[in-house]
Amino acid sequence: MQKAQTPKVVALLPAWNAGDFITATLESLAAQSWPNFEVLVSVDQSTDETAALCRLFATGDDRFQVIEQKERLGWIGNVNALLDAAEGDYYLIAYHDDVLDPAHVQTLAALLESRPEAVVAYGDIRAHYLTGDVIERAYDEIDGVRDPATRAGSIIRRKGYWSTPNHGLFRASAVEATGGFRRHSGGEFSADWPWLLKMALLGEFVRAPYFLCDKYYKSASLSHNWSWDFREFAGVFEECARVIRASALPVPVKARLSALLAAEFLKEQGRKGFASLKR
């Protein structure tokens, strides 16, 4: 009997003006132990040495491929360009300020292999802030929850470190079903929230209770360049509402989730700086 091929994992690295810190990210990807592994890097019209550093790194490792965009796409456009180019069984969005444990892919791919009902596997994170603070993030709110409405409700409420699963490994078929990331009327602000809501409606989440990622916030990190104003805030809520309406849930369940989202919107208006959306 022919042995089944090891599933292919593709890391998608959207890079922009990351020359000061991207080498550590590239090195952590190169250190991954999963045997069938590829890294696609898309450099989005950087004005620093990001492209040169990525090209140089790729010359020493044939698992790496570098794409240089000819026009500025923005973060969402750059990620979607990578999703369009990728061909694999599992995808990892490798944020350019994340440093992964060498066992990151191995651990999470094994989880997805053992849990066909899961669409994302993720581990815990150490978040390193500009202040020097380090906060340990673990998110177990929907680990193994089978009901899609319950999962969606947890993502809508954003209790705890809700964005942690975005640093995990996604099943390619689920990624394709989402249609990728979307800009909304507030731009790119917190676009990983409606993306994760889509995932919660598609399948189960499974957590590996280990620290598999260190995130190093930089002054150039995406979330540090948002305005955190009402326009951005209203836009991402509107996009989440669209995700609920477009889902295959029964109408009464959609209505219940929409009401929950509306309640969260009203609650946020009283919170200075929209703190619960911050990472």
Side-chain angles (χ1 to χ4, degrees), residues 7-14 38 40 42 44 73-95 98 105 108-109 111-112 115-122 139 141-158 162-207 222-223 235-250 253-254 257-258 260-261 277 279:
K8 183 178 181 180
V9 176
V10 183
L12 310 174
L13 173 52
E38 178 181 289
L40 294 182
S42 178
D44 188 20
L73 299 179
W75 188 83
I76 287 177
N78 205 17
V79 172
N80 286 340
L82 285 164
L83 290 174
D84 288 343
E87 294 183 3
D89 300 293
Y90 304 131
Y91 296 150
L92 161 70
I93 299 175
Y95 297 86
D98 284 3
V105 170
L108 301 183
L111 269 181
L112 287 177
R115 298 279 295 276
E117 69 279 9
V119 296
V120 57
Y122 62 97
Y139 181 70
E141 295 285 330
I142 54 176
D143 179 17
V145 173
R146 294 184 177 182
D147 177 54
T150 302
R151 293 192 302 263
S154 293
I155 296 297
I156 289 170
R157 291 186 187 93
R158 306 174 318 284
W162 63 270
S163 65
T164 300
N166 280 311
H167 301 263
L169 207 62
F170 293 92
R171 197 175 297 278
S173 57
V175 170
E176 291 163 8
T178 69
F181 285 77
R182 279 174 53 99
R183 290 181 63 90
H184 50 72
S185 61
E188 296 185 331
F189 175 73
S190 203
D192 57 344
W193 183 29
W195 156 268
L196 211 57
L197 180 57
K198 292 179 191 177
M199 283 290 171
L201 291 166
L202 288 172
E204 294 184 26
F205 288 33
V206 57
R207 170 181 170 244
L222 185 65
S223 60
V236 73
F237 269 84
E238 181 182 32
E239 178 62 16
C240 285
R242 189 199 65 80
V243 170
I244 294 169
R245 290 194 304 270
S247 74
L249 293 171
V253 179
K254 289 184 184 182
L257 291 176
S258 296
L260 176 61
L261 184 68
L277 283 174
R279 306 296 186 267

Legend entry - Inter-residue atom distance L40.CG - L82.CG, 0.5 Å rounding: 6.0 Å
Legend entry - T178 side chain near L202 side chain, heavy-atom distance below 4.5 Å: yes
Legend entry - For the student: nearest non-hydrogen atoms of A152 and L201, plus distance: CB-CD2, 3.7 Å
Legend entry - Min side-chain heavy-atom separation K254-R245 under 4.5 Å: no
Inset, instruction - Taking K198 for its side chain and A174 for its backbone only, find out whether a donor-acceptor pair lies under 3.5 Å. - result: no
Legend entry - Heavy-atom pair with the smallest gap, counting every atom of Y91 and A86: OH-O, 3.2 Å
Legend entry - Nearest heavy atoms of R171 and L112, plus distance in Å: NH2-O, 2.9 Å
Inset, instruction - For R151 and V145, indicate whether the former's side chain and the latter's backbone hold a donor-acceptor pair under 3.5 Å. - result: yes
Legend entry - Reported CH2-to-CZ distance for the pair W75 and F181, which is rounded to 0.5 angstrom: 4.0 Å
Legend entry - Nearest non-hydrogen partners of V236 and F189, listed with the distance: CG2-O, 3.7 Å
Legend entry - N78-S42 side chain donor-acceptor pair, cut-off 3.5 Å: yes
Inset, instruction - Could you tell me whether a side-chain N or O of R158 sits under 3.5 Å from a main-chain N or O of I156, the two making a donor and an acceptor? - result: yes
Legend entry - R182 and R242, any side-chain heavy atoms less than 4.5 Å apart: yes
Legend entry - Contact check, side chains of F205 and L196, non-hydrogen atoms, under 4.5 Å: yes
Inset, instruction - Using a 4.5 Å cut-off on heavy atoms from C-beta on, say whether the side chain of P165 contacts that of M199. - result: no
Inset, instruction - Could you tell me whether the side chain of Y95 reaches within less than 4.5 Å of the side chain of N166, counting heavy atoms only? - result: yes
Legend entry - Step-by-step side-chain contact (heavy atoms from CB on, under 4.5 Å) determination, D143 to V206: CA-CA 5 Å; D143 179 17; V206 57; 4.0 Å; yes
Legend entry - Distance in Å, E141 CD paired with T150 OG1, rounded so as to fall on 0.5 Å steps: 12.0 Å
Inset, instruction - Please answer whether the main-chain N or O of E204 pairs with a side-chain N or O of R146 as donor and acceptor at a distance below 3.5 Å. - result: no
Legend entry - Heavy-atom side-chain proximity of E238 to H184 below 4.5 angstrom: no
Inset, instruction - Return the minimal non-hydrogen interatomic distance between A81 and L73, and the atom names on each side. - result: CB-CD1, 4.1 Å
Legend entry - Interatomic spacing from CZ in F170 to OH in Y122 - rounded to 0.5 Å: 10.5 Å
Legend entry - Between CD1 on residue I155 and CG on residue L261, distance to nearest 0.5 Å: 12.5 Å
Inset, instruction - Of all the heavy-atom pairs spanning A149 and V253, show the shortest one and how long it is. - result: CB-CG1, 3.6 Å
Inset, instruction - Supply the atom-to-atom distance L197 CG to D192 CG, rounded to the nearest 0.5 angstrom. - result: 11.5 Å
